Amino acid sequence: MYKNKKILAVTLARGGSKGVKLKNIKKINDKPLIWYTIKEAQKSEYIDNYIVSTDHLRIKKVAMSYGVDVPFLRPKNISNDKASSVDALKHAVKISEKFYGIKYDYIVELMCTNPFKTYKDIDKSIKYLINSKSDAVIAMNKVEDHHPRRLKKIVNGKIQDFMPEITESRRQDLTPKAYIRNGAIYALERDFLLKKNKRYGGNNTRPIELNHKNNINIDNELDFKMAEFILLKK
């Protein structure tokens, strides 16, 4: 709880990942990927309840072994490749409110494919969301080498700019600064999610910038190797 506001945190962890089978419980340095998010969520000062939403019994068992509530198995119609995160998150909120007997004020989605976010990042997002009276606060990273001014499209076999580029410009000179969602944290008003069907993109959505080492979004085997390397260095 923060400023008397009830806060639910949710990790969506379906079993049908395509790049790596059961990616969410694949081990990195002897710990399942989902553990890195669980341990930080459990350190949060402000989260009242934290659940994992999954459609897979093995993921449910792993999450529960670390003391996380998994009050349901997610239905198949919101667990397939075409299902949206919004639908899965709305389902998790509605079931959780019945399970705990609480109507939440704010929802925090913590994606387990971003293992380097910390509880400080989570709590900073929650405080910023509530203090700024935003509809959502989402984690972002500054774009460097892939700035929009360097992006090109090919039309009729010829290269064209997406944005005007100063030829041979250095990346540190590119303006305006560009940012990309990194998927680590989505903190939002409950009613923004349930009534507007959005996790972000309202008139008052704000960023929390995470530094570069928090930017890994694990999707394939190479991402796992990179994450292992970073953890070993740490």
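These numbers were taken from a predicted model, which means no experiment stands behind them. Atom set for the values below is all heavy atoms of this structure, side chains included, hydrogens, waters and symmetry mates excluded.
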Is the closest side-chain heavy-atom distance between I185 and I138 below 4.5 Å?
no

Would you check if the side chain of S65 reaches a backbone N or O of V62 as a donor-acceptor pair within less than 3.5 Å?
yes

Is it the case that atom CE in M163 sees more than 12 heavy atoms from other parts of the structure closer than 6.0 Å?
yes

Validation row: N217, D223 side chains within 4.5 angstrom (heavy atoms)
no

Please report the shortest heavy-atom distance between G183 and M111, naming the atom on each side.
O-SD, 2.8 Å

Can you tell me how far apart CG (N203) and OG (S134) are? Round to the nearest 0.5 Å.
11.5 Å

Do the side chains of R199 and D135 get close enough for a salt bridge, i.e. N-O under 4.0 angstrom?
no

Give a yes or no on whether a salt bridge exists between E221 and K26, defined as a side-chain N under 4.0 angstrom from a carboxylate O.
yes

Taking only residues two or more places apart in sequence, or in another chain, which ones meet K177 in a side chain to side chain contact (heavy atoms under 4.5 Å, CB included)?
K142, Y179

Identify every side-chain donor-acceptor pair in residues 72-80 under 3.5 Å, counting partners at least two apart or on other chains, and give the distances.
residue, atom, partner, partner atom, Å
R74, NE, S53, OG, 2.9
R74, NH1, I78, O, 3.3
R74, NH2, S53, O, 2.8
S79, OG, P75, O, 2.7
N80, OD1, K82, N, 3.0
N80, OD1, A83, N, 2.9

E109 side chain reached by L12 side chain, heavy atoms, under 4.5 Å:
yes

Would you say that L194 contacts K94 through its side chain, given a criterion of any heavy-atom pair below 4.5 Å between the two side chains?
yes

I'd like to know if W35 and Y119 are part of one continuous hydrophobic network [Ile/Leu/Val/Met/Phe/Trp/Tyr, side-chain heavy atoms within less than 4.5 Å].
no

Mark yes or no: K153 above the aromatic ring of F162, with NZ or CZ under 6.0 Å from the six-membered ring centre and no more than 45 degrees from the axis.
yes

Using a strict 4.0 Å threshold on nitrogen-to-oxygen distance, state whether K23 and D219 make a salt bridge.
yes

Does anything in residues 31-51 form a salt bridge (charged side-chain N to carboxylate O under 4.0 Å, His left out)? List the pairs, not counting sequence neighbours.
E40-K43

Considering only heavy atoms from C-beta outward, does the side chain of R190 approach that of D105 to under 4.5 Å?
no

